[in-house]
Structure formats: C-alpha cells, structure tokens
Amino acid sequence: MFSFCLHQILTLPSECLNRNRDSSDQATFFQSSIVQFWTGSLFSTMTAPRQRKGSKGKDPGSNIQNLKPDCIAEPRQRFATGGFSWWTILCLMTGSIVGISLGLLCCIYVSTLHENDLWFSNIKEVEREISFRTECGLYYSYYKQMLKAPSIQQGLYELIHDNTTESKRTINILQRMNIYQEVFLSILYRILHIQTYLEPIYFYIYTVFALQTVYVIALFITSWLLSDSWLAGALSGVWYILNRVDTTRVEFTISLRENWSIPFFALQVAAITCYLRPQLKPIQQRVVLWLVFVSTFCFCLTWQFNQFVLLVQALIIFTLDCLDFFTAEQVVSLYLMQVFSLLLVWLLQFCNSMILGSLVLSFIVSALFIKHFQTGLKTGGFVIRVGKLALHTLLVLTLTFTINYSAKTILQLKSDEHIFKFIKAKFGFGATRDFDASLYLCEEAFGLLPLDTFERLAGTVLLYPYLCTLSVLFILLLLVALSNLSTNGLGQACREREDRTFSMRPDVAYNLLHTVFFGLLSFSTMRMKYLWTGHMCAFAAFGVCGKEVWSLYLRVLHCNTKTMMRLIRYSVPIVILAFLYYKFWPRLMEEISELREFYDPDTVELMEWIRLKTPKRAVFAGSMQLLAGIKLCTGRVLTNHPHYEDQALRERTRQVYQIYARQSAEEVHKVLSSVGADYIVLEDSICYERRHSRGCRLRDLLDLANGHIMDGPGENEPDLISASHPRFCEAIKTDMPPYSTLFTRVFKNKTFNVYKLKKLKKKNKAENSP
C-alpha cells in the first residue's frame with residue numbers, strides 16, 4: 001500500500017500538486033503571526049540594528065535563494081488594519097496556555113514521582129544526599145560547598161583553588177567541570193533570602209524539575225511552528241510525559257548534566273526552527289538569532305559533552321547547505337552562533353583546552369574556509385554538482401582532521417582521548433584492553449538501543465505516526481535535493497522554483513535531518529536517546545497535525561480539499577489525545593499513588609562513621625561512585641572521582657582500582673600512599689560482582705589491563721598469564737601478614753570494609769646516604 005501511494009505521488013502532475021497553494025499561503029501567514037506575536041510585539045519599541053552587509057562570496061549558487069523579489073513569493077493575505085484577527089489572537093492565547101499548562105504538569109509529575117519513590121520530605125538529610133548517586137553527588141557537593149562558604153567570593157576562591165576533590169593536587173573546578181549552574185543557584189539562593197521557608201536541597205531539585213517545564217514548552221513551540229496548530233504542541237507534550245521512561249530520567253538522576261542542558265538544547269532547536277521561517281523580517285531574524293545564541297550558550301555551559309552534540313548539529317547544517325535548503329546567510333549565522341557560544345564557554349572555563357581541541361570547532365572553521373575559497377560550488381549540471389560536492393566534502397573533512405590533530409598536538413590535549421578509544425572499539429576497529437574504553441563498553445547505557453524501547457514507544461501510539469512522517473518526508477527530501485542539484489544557473493533556478501513540483505520548507509528539512517541524525521546516534525549509544533526521543537514527540541505531532549504528510553495522502557485519494565484537510569488535521573489529533581487519556585490516565589494516577597521509601601542503612605552507617613570518627617582532612621580511596629557520595633556527605637578529601645575528562649585522573653583511578661585486582665599488599669600500599677590515601681573503602685558488591693557477565697566485571701577489566709587471566713570458567717586470550725598474587729580485596733580480609741602489617745580494619749558492615757593505611761617507618765638516613 002505504501003509503495004502504491006508513493007508511486008501515485010511521484011506520478012502526479014505539477015498542477016495537481018500545486019492545487020493547495022492558497023492554503024499553504026495561509027499556513028505561512030499563520031506561522032508569521034506566531035513569530036510576530038512573540039517577537040514583533042515585544043520588540044516593537046526597539047531600534048532596528050544595523051543591517052548586516054551582504055555576502056561577498058563568489059558562489060552564485062548561494063545567492064539563488066537570496067533573490068526574494070523574483071523567486072520567493074511573500075504571503076498574500078494581509079489584514080486591512082495591519083494587525084491580527086481575533087481568531088488568530090485567540091489561537092495564540094489558547095496555545096500558550098495549553099503549552100505552559102503541559103509544562104507545569106510535567107514538572108509536577110516528575111517531582112511527585114521523586115517524592116513518592118524516596119519519601120524525600122521525611123528522610124534524614126544524609127539519606128537525601130546519598131540519593132544523589134554517583135556523579136550526581138559530586139556536582140551537588142559544590143552547590144553545598146558554595147552555600148557553606150562564608151561569602152560568595154570565598155566560595156568561588158575555594159572552587160578555583162580546590163584541594164579536596166583530588167588529593168595532593170590543587171585544581172580549578174570551574175575549569176575542569178561544568179558546574180556554573182550550581183554556582184548560579186547557590187548565589188541566587190543567598191540573595192533571594194528564602195532560607196526560612198525553603199531548604200537548599202529543595203531549591204536545587206525544584207529548579208531542575210522546573211527545567212522540564214522549559215523542555216516541554218520548547219517541544220510545544222517546535223511542533224506548533226512546524227504544523228501551524230497548537231494541537232500538535234499539545235500532542236507532543238502529552239507524548240513526552242507518557243513516554244517518560246524513554247524521554248527523561250530526571251526524577252532519579254537529578255544532578256546529571258544532561259538534565260540541565262537538554263532543555264536548553266530543545267529551546268535552541270525551537271529557535272532554529274523559528275529562524276528558518278522564510279517570512280521573518282530582519283529585526284525578527286536578529287531577535288531569534290539572539291535566542292539561538294543564548295540557548296546554545298546555556299546548553300554548552302551546562303554539559304561537558306556539548307561539543308559532540310554540536311558536531312552532529314553542524315553536520316546537519318553542512319548537509320542541508322550542500323543540498324541547497326539553506327541560504328548562505330543562514331548557514332554562516334548558525335555556524336557562528338555555535339562558535340561564539342563555545343568560545344564564550346571557553347573563556348568562562350578559564351581557557352579549557354578541551355573546547356579549543358574539539359572536533360566541532362575544527363569542522364566549522366574548515367567548512368567556512370573551504371566554502372569561501374571553493375568558487376562555483378553550486379553551478380553546473382547534476383553530475384558536475386555532485387562531483388563538486390564530493391570534492392567539497394572531502395576537502396572539509398581532510399582540513400577538519402588536520403586542524404584538530406594540530407590543535408591537540410600544540411595544546412598537548414588528551415582529555416577526550418578515552419572517548420575516541422571507546423568509539424573505535426565500539427564500532428569494531430580492533431579489540432581493546434584499554435581500561436577506560438572498556439569501562440564505557442561494558443556499561444549498558446553506552447550499548448546499543450534495546451529493542452524494547454520501540455515496544456514502549458509503539459504502546460503510546462508515538463512510533464507509528466513518527467515512522468510514517470519520517471518515511472514520507474525523507475523521500476520528499478531526496479526528491480527536492482535531486483531537484484536542487486539539477487538546477488543550473490540563476491535564471492534556471494528562478495524558473496524551476498516557480499514551476500517546482502516538489503518543495504520542502506527549510507525548517508521542516510532541518511527538523512527531519514535532526515531526528516534522523518540523532519536517531520542514528522541513539523541507536524548506537526543508548527544514553528544518547530534522550531537527545532532524540534523528546535524531539536521525536538514533536539516531529540511525530542507535526543506529522544499528525546501538519547499539512548505536508550496529509551496533503552500527499554489526500555492527493556493520492558483525489559480528495560485534497562480545504563474542508564477535508566481541516567477535518568483530518570483537527571480530528572485525528574483529538575482522537576489520539578482522547579485515546580491516550582482513556583488508556584493512560586488511570587495508569588498515571590496509579591503510578592503517582594505508589595509510595596516507597598529510601599532505604600540504604602549500610603551506606604548511611606558508613607557516612608555517619610566517616611563524619612564522626614575520621615579527621616576532616618582525611619583522604620579516602622575507593623570506587624568513583626562511592627567517593628562522590630563521601631565528598632557530599634562528609635566533605636572528606638578524595639583520591640579520585642567520577643568526572644572522567646582528565647587523563648591524569650583516569651590514570652590515577654586505574655591505579656587506585658588495583659585494590660580490586662590481583663596485586664601484592666606492598667604494591668597496593670605503595671600506590672595508595674603515592675596519592676596520599678589514609679583510608680580505603682572496599683565494597684563487596686564490586687569485589688564479588690555478579691551484575692555484569694564475565695569479561696565486563698570491574699575485576700575482569702583490571703585483570704585484562706594487567707595481562708592476567710580472568711576469574712571463573714571461560715576462555716582467555718593466549719597471551720594472558722596467571723597472576724602471582726591473590727585478589728587484594730579478598731586476601732586483605734584474612735588479616736594475615738603482610739596485609740595486617742600494612743592495613744588495619746577500622747569499620748565493617750554487610751556492604752563495606754574500611755581499612756586504614758599504616759605509615760611505614762622511614763629508613764635510616766645512613767642507609768640512604770651514598
């Protein structure tokens with residue numbers, strides 16, 4: 001049936017495909033009304049900034065789309081008074097109210113789930129802090145540290161000259177980590193004088209939950225702009241909430257950087273969608289570009305993986321530029337917004353070299369440089385243009401890797417090499433025993449997207465309209481791209497634009513490739529699905545409520561009338577919303593009525609013992625995840641931590657983790673003493689791990705990195721040898737020499753064993769003298 005419909009679409013005459021041109025003009029006017037409502041009315045009193053000078057490039061193809069008087073028709077409908085109709089204002093107000101309401105509903109929903117799952121309001125403060133698992137606890141500890149500082153200035157000084165996060169080192173936390181959000185919240189909490197009625201921890205988590213409101217509103221605006229219907233926004237918001245398991249994990253990983261950054265990324269996508277509207281006035285374009293810049297900057301400032309996400313986005317822009325969907329001004333503007341955002345973050349992070357050595361900066365510089373000097377890129381016949389684009393792409397990629405390699409060599413940058421090792425091993429470019437890469441490979445979050453994800457998405461009726469919209473529009477994109485590449489010269493470009501059979505708006509093309517590129521990224525790495533599934537809701541809602549897909553189907557059925565189009569565009573989303581309400585509302589009510597309670601007595605006992613029985617400057621060694629909690633709950637000094645974007649820290653972590661390897665007591669004591677450790681915390685859940693299969697247990701990764709045969713039945717690589725020592729975490733429990741000579745057990749419960757390092761007597765100076 002799909003192939004038949006596609007055949008009918010491809011064989012329709014141009015007169016039939018252009019039959020509904022009036023309705024598309026109405027759509028264009030309605031979308032401009034949305035933009036003017038939010039930008040024109042708010043900025044009508046502003047003085048228009050100086051017009052940007054036209055491009056001086058020699059590429060005539062880039063100027064084809066800039067010939068607005070000849071090639072692009074303005075919307076024909078205008079009101080006599082120059083204002084808005086009451087119906088338009090009513091739609092805007094109704095849509096705005098619905099969007100904000102859905103955002104607040106999502107915020108309340110995840111907040112309620114968090115409260116009901118932990119009984120957060122009733123547990124002790126130490127239990128609340130323990131609930132910030134792994135790196136979440138590390139990030140929240142800096143918020144707590146800023147609040148405990150005597151002044152804001154002192155708090156900032158302690159972060160810039162931090163000597164508690166890594167023992168025997170003084171590091172700049174603001175340079176190393178993306179924690180400006182914690183700094184900003186701590187300052188805001190101080191100056192608002194709300195300490196009497198709102199605890200600091202609630203101010204923090206409520207802020208993160210409030211960002212979910214921003215996220216839903218951003219998805220709402222994106223789908224509304226694409227489809228001209230606020231019903232699409234309502235549908236995208238409802239789908240986002242119902243697919244919470246796959247769209248967010250904010251309720252149990254509050255402090256993760258992605259929960260701060262992805263809402264701003266969704267805002268950026270909404271702003272780009274608005275910017276790509278062809279009917280925007282110059283002042284509106286500049287206002288929207290500022291929104292793109294601000295949202296991109298906030299996204300980059302709050303997540304250390306921003307460069308990889310922006311690289312994917314830059315590839316999307318590059319692809320659409322090559323296929324003639326964007327004007328030269330749009331391409332350059334979007335590239336520059338990314339560059340300016342990254343450079344500003346680079347300055348705020350005290351010239352963090354990881355940003356300058358990022359692939360995305362190298363790629364953008366290469367793309368702009370080659371585009372400027374490769375003249376006549378968009379001229380010639382189809383074969384010639386394809387050949388030019390192939391050469392253009394090859395030149396850009398070659399220059400990108402050359403610039404990136406040179407930058408990393410000059411800066412001596414190795415902070416992100418573990419990521420590229422992981423990517424290399426993941427896609428089968430050779431097996432690896434590298435400890436850091438193996439840590440990522442063995443984590444489920446960095447594996448392939450599970451198939452049960454699609455079962456859940458299909459259960460909420462999200463997957464089916466998404467796939468229909470994606471398939472139809474992707475084929476249309478290919479047809480439009482072929483038509484664009486077949487264009488030869490300015491005159492022919494204008495004539496073909498007037499008589500074009502197929503067309504696709506730039507904002508639709510961008511969102512289509514956005515969901516394709518980030519969908520592929522999600523397939524390869526499950527953790528990245530949260531960048532995809534939210535936008536997936538907006539894109540599917542656009543397919544249900546927009547004209548693009550329905551007009552093609554109705555033309556095949558020979559009933560493409562305005563009445564039929566309106567009937568389907570409004571009735572189908574209402575039917576879907578009614579079905580979702582009938583099916584899932586009782587489930588939501590049941591879900592938020594389930595009451596649980598935080599229970600981790602062993603960890604609570606450990607934290608209380610450390611806080612009461614150890615010196616405040618004591619140094620603790622152990623697993624990254626546990627040490628983050630120790631820093632938050634007790635403020636003690638750490639040997640290592642979960643923020644892994646530093647080569648020296650990764651090497652230190654591998655050394656500290658020898659406590660779970662087959663090493664001698666003397667060797668482990670020597671390593672721990674070299675990093676200044678006073679105590680080590682051993683976890684039975686790691687020493688006797690069963691969560692991962694053989695080859696992915698932490699002790700197996702250490703054995704492989706050390707060249708030792710792994711525990712248990714199974715095959716081993718032939719070059720591995722048997723270790724000459726027992727596993728340290730097991731042997732130390734015997735309390736036999738030499739373990740008892742070097743370590744003393746000072747705490748024990750069912751989960752943890754804490755040992756204190758004994759100080760070795762210094763050798764006689766006479767023995768060391770020459």
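Just so it is clear, the model here is predicted, and its values are computed rather than measured.
- In terms of heavy atoms, S415 sits closest to E645 at CB-O, 3.8 Å.
- Within the 6.0 Å centre-distance limit, the rings of Y202 and Y206 are counted as a close aromatic pair.
- Evaluated for a ring pair (Phe, Tyr, Trp, His ring centres under 6.0 Å) with Y204, the options F209, Y143, Y189 yield exactly one hit, Y143.
- Listed for the N404 side chain is no donor-acceptor partner under 3.5 Å among the backbone atoms of S362.
- Ring orientation note: the planes of F446 and F422 are nearly perpendicular, at an angle over 60° on the 30°/60° scale.
- Taking CD1 from I419 and OH from Y440, the interatomic distance works out to 6.0 Å, rounded to the nearest 0.5 Å.
- With a 4.5 Å cut-off on side-chain heavy atoms, L276 and V508 do not count as touching.
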Please step through side chain to side chain contact (heavy atoms under 4.5 Å, CB included) for the pair L512 and F325, ending with a clear verdict.
-> CA-CA 12 Å; L512 174 61; F325 283 94; over 6 Å; no
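- A pairwise comparison of heavy atoms in L147 and R190 identifies O-NH2, 3.3 Å as the closest pair.
- Counting only residues at least two apart or in different chains, side-chain hydrogen bond (donor to acceptor under 3.5 Å, both in side chains) contacts with residues 209-221 comprise Q212-Y240.
- Put simply, CE on M337 and CG on L342 are 12.0 Å apart, with the number rounded to the nearest 0.5 Å.
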Does the pair Y466 and T515 meet the rule for a side chain to side chain donor-acceptor pair (under 3.5 Å), with working shown?
-> CA-CA 10 Å; Y466 173 78; T515 193; 2.6 Å; yes
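- The side-chain hydrogen bond (donor to acceptor under 3.5 Å, both in side chains) check on E251 picks up R244, with sequence neighbours excluded.
- A donor-acceptor pair shorter than 3.5 Å cannot be found between the side chains of T296 and S341.
- When every heavy atom of I272 is checked against every heavy atom of V292, the shortest pair comes out as N-CG2, 3.9 Å.
- Residues Y335 and A367 approach most closely at OH-CB, 4.0 Å, considering heavy atoms.
- Residue E444 qualifies as open at atom CD: its count of foreign heavy atoms under 6.0 Å is 12 or below.
- For the atom pair T247 OG1 and I241 CD1, the distance stands at 9.0 Å (nearest 0.5 Å).
- Ring-centre distance between H193 and F203: not below the 6.0 Å cut-off.
- Aromatic ring orientation, W532 versus F523: tilted (interplanar angle from 30° to 60°).
- Here the shortest heavy-atom pairing between Q285 and Y275 reads O-CD1, 4.0 Å.
- In this structure, E182 does not pair ionically with K144, as no charged nitrogen and carboxylate oxygen lie closer than 4.0 Å.
- In this structure, V216 and L104 have side chains that are not in contact, with every pair of non-hydrogen atoms separated by 4.5 Å or more.
- Residues W303 and F264 form no side-chain contact, since every pair of their non-hydrogen atoms from C-beta on lies 4.5 Å or further apart.
- For the atom pair CZ (F318) and CZ (F363), the distance works out to 5.0 Å, reported to the nearest 0.5 Å.
- Separation of atoms CG (L457) and CG (L242) is listed at 11.5 Å; rounding is to 0.5 Å.
- Ring to ring, H535 and F518 are not that close: their centroids are 6.0 angstrom or more apart.
- Looking at W346 and M354, their side chains never come closer than 4.5 Å, going by heavy atoms from C-beta outward.
- With S111 contributing its side chain and C107 its backbone, the two residues share no donor-acceptor pair below 3.5 Å.
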Stepwise side chain to side chain contact (heavy atoms under 4.5 Å, CB included) test for L211 and W260 | CA-CA 7 Å; L211 284 176; W260 286 93; 3.6 Å; yes
Could you check Y109 against E591 for side chain to side chain donor-acceptor pair (under 3.5 Å), going step by step and ending with a plain yes or no?
-> CA-CA 10 Å; Y109 175 51; E591 184 180 21; 2.5 Å; yes
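- Here the side chains of M146 and L156 are in contact, with some heavy-atom distance below 4.5 Å.
- Side chains of Y530 and D246 form no contact here, defined as non-hydrogen atoms less than 4.5 Å apart.
- No hydrogens or angles considered: nothing links the side chains of N306 and S261 as a donor-acceptor pair under 3.5 Å.
- Under a cut-off of 6.0 angstrom, the local environment of OH in Y581 is sparse, with at most 12 non-hydrogen atoms contributed by other residues, nucleotides or ligands.
- R249 and E258 are joined by a salt bridge, as a carboxylate oxygen and a charged side-chain nitrogen come within less than 4.0 angstrom of each other.
- Residues Y510 and F326 are in side-chain contact: their nearest non-hydrogen atoms beyond the backbone lie under 4.5 Å apart.
- Geometric assessment of R257 against the ring of Y139 yields a positive cation-pi assignment under the 6.0 Å and 45° thresholds.
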Side chain to side chain contact (heavy atoms under 4.5 Å, CB included) between Q338 and L334: does it pass, once the steps are laid out?
-> CA-CA 7 Å; Q338 290 188 333; L334 292 176; over 6 Å; no
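- Here the straight-line distance linking atom CD1 of I254 with atom CD1 of I201 works out to 7.5 Å at 0.5 Å rounding.
- Between P642 and L138, the shortest heavy-atom distance links the atoms CD-CD2, 4.0 Å.
- By the 4.5 Å heavy-atom criterion applied to side chains, L225 and F542 are not counted as neighbours.
- The 12-atom threshold is not exceeded at OH of Y464, counting heavy atoms of other residues, nucleotides or ligands nearer than 6.0 Å.
- Each of T248, T460, T453 was compared with N243 under the side-chain hydrogen bond (donor to acceptor under 3.5 Å, both in side chains) criterion, and only T460 meets it.
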